[in-house]
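All remarks here apply to the structure that follows.
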Amino acid sequence: MRSYSERQSTGEFFTPAVVTNFMGDTLFSADRKPGDLFLEPAAGTGAMARSAAATMRFFGTDPALYHWWLNDLDPLNAACCAVNAQLWRLGRQVTVSCGDALNHPRLLEQAVRERAERATSKQKARPVLYPTTTRPPFWPWNFVPPS
């Protein structure tokens, strides 16, 4: 989404797909189990996560069973990574953050905390069927029930 000169000025380097595919295969040469956390502190648009998810699917594992933390310093790359995480069906246990994860190792904890706070506030803000504090008396009956 940026020109070559813009990428050069920021020092961005996007790993070629051939290399990420090899890394995905290498990643699963070790024993991995569902629930493991995959950390990518310089995810870019998520090419490594795509390769890891493709390798998981090749071996019959669902990427949604794992936790993912994808981070990038650039907000545009982080936004693209979040979209790609949805497109590649990485599941609900994905945290995409934007910041300098190499100099601030607590960034993951902060991102997870902010995500939980947003989810809680969205849940509280959802409209209810009857926005009153009490239910209408004897509704939905047309008569008063015996007491």
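What you are looking at is a predicted structure, and each value in this text was computed from that prediction instead of being measured. Numbering of residues begins at 1 and proceeds along the displayed sequence.
With sequence neighbours left out, Trp69 forms a side-chain hydrogen bond (donor to acceptor under 3.5 Å, both in side chains) with Ser97. Scored by the side-chain hydrogen bond (donor to acceptor under 3.5 Å, both in side chains) test, Asp100 finds Asn103 as partners (sequence neighbours excluded). The side chain to side chain contact (heavy atoms under 4.5 Å, CB included) test applied to Ala42 returns Glu40, not counting sequence neighbours. Residues passing the ring-ring contact (aromatic ring centres under 6.0 Å, His included) test with Phe38, sequence neighbours excluded: Tyr66, Trp68. For Glu117, there are no side-chain hydrogen bond (donor to acceptor under 3.5 Å, both in side chains) partners, not counting sequence neighbours. Legend: residues meeting side chain to side chain contact (heavy atoms under 4.5 Å, CB included) with Glu114, ordered by chain and number and at least two apart, are Gln110, Arg118. For Arg115, the side-chain hydrogen bond (donor to acceptor under 3.5 Å, both in side chains) partners two or more places apart in sequence, or in a different chain, are Thr95. With sequence neighbours excluded, the residues that form a side chain to side chain contact (heavy atoms under 4.5 Å, CB included) with Thr45 are Phe14, Asn77, Cys80, Asn84. Partners of Arg89 under the side chain to side chain contact (heavy atoms under 4.5 Å, CB included) rule, at least two apart in sequence or in another chain, are Arg57. Listed by chain and number, the residues in a salt bridge (charged side-chain N to carboxylate O under 4.0 Å, His left out) with Asp36 are Lys33 (sequence neighbours excluded).
Taking CG of Leu39 as the reference point, atom NE2 of His67 lies at 11.5 Å (rounded to 0.5 Å). Here the CG-CE distance, from Leu65 to Met56, works out to 9.0 Å after rounding to the nearest 0.5 Å. Within the model, atoms CZ of Arg106 and CZ of Arg113 stand 9.5 Å from one another, a figure rounded to the nearest 0.5 Å. Rounded to the nearest 0.5 Å, atoms SG (Cys81) and CH2 (Trp88) are 6.5 Å apart.
In plain terms, the two heavy atoms of Asn71 and Pro41 that are nearest each other are ND2-O, 3.0 Å.
A heavy-atom distance below 4.5 Å is found between the side chains of Leu70 and Leu90.
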